[in-house]
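Presented below is the structure to which this report refers.
Start at 1 and go down the list; that is how both ligands and their atoms are numbered. Worth saying up front: this structure is predicted, and the values here are computed from it rather than measured. Just so you know, residue 1 is the first one in the sequence shown, and it goes up from there.
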Amino acid sequence: MSIQRTAVIGSGLMGAGIAEVLAKSGLDVIVREINDEVSAAGRARIEKSLTRAVEKGKLDSEARDAALGRLRFTTDIGELADRQLVIEAASENEDIKKSIFAELDKVVTDPEAILASNTSSMPIIRFAQSTSRPERVLGVHFFNPAPVQPLVEVVSSVLTADSVRETATEFVAEVLGKNPIQAQDRPGFIVNALLIPFLCSAIRMVESGFATKEDIDAGMVGGCAHPMGPIKLADMVGLDTCLYAAESIYTETGDPASKPPVLLSRMVDAGLLGVKSGRGFYEY
Ligand code: 3HC
């Protein structure tokens, strides 16, 4: 199966990054958003990142313009009828994601199409069961910033067909040029099962006054060669996304390390979501 016609649901932090990766890889991309205003913000996000890639010498301006020309935004999910691959990157709300998969199941006509979710930690099988083709549903989990981070987790549910996992893995490696790893449909998959308890622990340190956010970040950058410290990373991932991932892992595993810190919940309630809202633990 040669995948050419793709779509991304959502153009927030992750959706925009994934759409950019697909367009840069020469694929036809439709981005589905809920209204024109959010679509315009998504397109601006992609344009900004592609321009940054040109400034960084990763792309020439012709390639940027060509990538932008391969992207089309719509608010009508019906326009996704002929897609061969759809990657859902809507907000981390299980009901919203389930209803998107149910809609995709109705509109996507190709029985060979692959329906993927970029969820950080929610069970893939629940989205698969919202469709009549659970064997064609899997997780394709990118990392932020998607145009830069090389890793993609390919997450198979207990019903994902081997052929679908193989096609998705080959696509990620050969077409997108990313490094795929295989994960099972368990809370947090591989990376977030390790990362979320780490971020929660760092936030608990701030909450309890154990150390300042600056010292925690400096500790992990200078002491362990992380590119950025955990508090700054939580701000970059989005505190809302961190909270939903922690809730989802904690609900299923009961592991206290992933119990969302109260401070994290309060900050999300306050609209302090990190880089994307202009303020989280730090100001941007
Ligand atoms: N397009 C393409 N390449 C770009 C780019 C763009 N828009 N912007 C930057 N780059 C390239 C640069 O050219 C540079 O490449 P080089 O190393 O070959 O020179 C590289 O990306 C780094 O860019 P910068 O030097 O400008 O930026 P920094 O050095 O400040 O790095 C960072 C920024 C890449 C975000 C780095 O701090 C980092 O890796 N942080 C950690 C990110 C991380 O851990 N992400 C995972 C989050 S978890 C997640 O997403 C899962 C979710 O489910 C929760």
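With contacts defined as side-chain heavy-atom distances shorter than 4.5 Å, the pair T119/E92 qualifies. Annotation: side chain of L104 is in contact with side chain of I9 (closest heavy-atom distance under 4.5 Å). Using a 4.5 Å heavy-atom threshold, the side chains of P180 and E170 count as separate.
Between R83 and D28 there is a salt bridge, since at least one side-chain N of the basic residue sits less than 4.0 Å from a carboxylate O of the acidic one.
Counting protein heavy atoms only, atom 1 (N) of ligand 1 is closest to A53 CB, 3.4 Å. When hydrogens are left out, the protein atom nearest atom 20 (C) of ligand 1 is V148 CG1, 4.2 Å; that is the closest non-hydrogen contact. In this structure, atom 47 (C) of ligand 1 lies nearest to the protein heavy atom V237 CG2, 3.7 Å. The shortest contact between atom 43 (C) of ligand 1 and any protein heavy atom is with L233 CD1, 3.5 Å. In terms of protein heavy-atom proximity, atom 51 (C) of ligand 1 is nearest to F143 CD2, 3.4 Å. Looking from atom 53 (O) of ligand 1 to the surrounding protein, the closest heavy atom is H141 NE2, 2.7 Å. At the top of the distance list for atom 19 (O) of ligand 1, counting protein heavy atoms only, stands K58 NZ, 3.9 Å. In this structure, atom 50 (O) of ligand 1 lies nearest to the protein heavy atom N144 N, 2.8 Å.
Here M14 has no heavy atoms under 4.0 Å from ligand 1, in either its backbone or its side chain. At a heavy-atom cutoff of 4.0 Å, ligand 1 is contacted by the side chain of L195 but not by its backbone. The proximity of V191 to ligand 1, defined as any non-hydrogen pair under 4.0 Å, does not occur for either the backbone or the side chain.
For the pair R52 and ligand 1, the shortest N or O to N or O distance falls below 3.5 Å. Residue K56 has at least one N or O atom closer than 3.5 Å to an N or O atom of ligand 1. In terms of polar-atom proximity, defined here as any N/O pair under 3.5 Å, S120 does make such a contact with ligand 1.
Side chain of E153 to backbone of A183: no donor-acceptor contact under 3.5 angstrom is found. Formation of a donor-acceptor pair under 3.5 Å by the R70 side chain with backbone atoms of A23 is found in this model. In terms of modelled atom types and a separation under 3.5 Å, the side chain of S248 and the main chain of S121 share a donor-acceptor contact. With hydrogens and angles ignored, the 3.5 Å screen pairs a side-chain donor or acceptor of D105 with a backbone N or O of S132. D185 places a side-chain N or O within 3.5 Å of a backbone atom of I124 that can act as its donor or acceptor partner. Judged by distance alone, the side chain of T75 and the main-chain N or O of I34 form no donor-acceptor pair under 3.5 Å. The backbone N or O of K97 lies less than 3.5 Å from no partner atom in the side chain of E88, so there is not a single donor-acceptor pair.
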Legend entry - Stepwise salt bridge (Lys or Arg N to Asp or Glu O under 4.0 Å) test for R5 and D82: CA-CA 7 Å; R5 296 183 301 280; D82 69 347; 3.8 Å; yes

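Of the protein's heavy atoms, at least one falls inside 4.0 Å of atom 40 (N) of ligand 1. Within a 4.0 Å radius of atom 23 (O) of ligand 1, the protein contributes no non-hydrogen atoms. In this structure, atom 28 (P) of ligand 1 has no protein heavy-atom contact shorter than 4.0 Å. For atom 32 (C) of ligand 1, the nearest protein heavy atom is 4.0 Å or more away. Inside a 4.0 Å radius of atom 17 (O) of ligand 1 there is not any protein heavy atom.
Of all atoms in ligand 1, numbered sequentially from 1 with element shown, those under 4.0 Å from a heavy atom of M228 are 37 (O), 40 (N), 41 (C). Residue N192 approaches ligand 1 through these ligand atoms, each under 4.0 Å from one of its heavy atoms: 51 (C), 52 (C), 53 (O), 54 (C).
Here the closest non-hydrogen pair linking A19 and L71 is CB-CD2, 3.9 Å. Minimum heavy-atom separation, E47 to L68: CG-CD2, 3.6 Å.
Taking 4.0 Å as the cut-off, K48 does not count as a neighbour of ligand 1 on heavy-atom distance. Note on ligand 1: S49 sits in its first shell, one or more heavy atoms being nearer than 4.0 Å.
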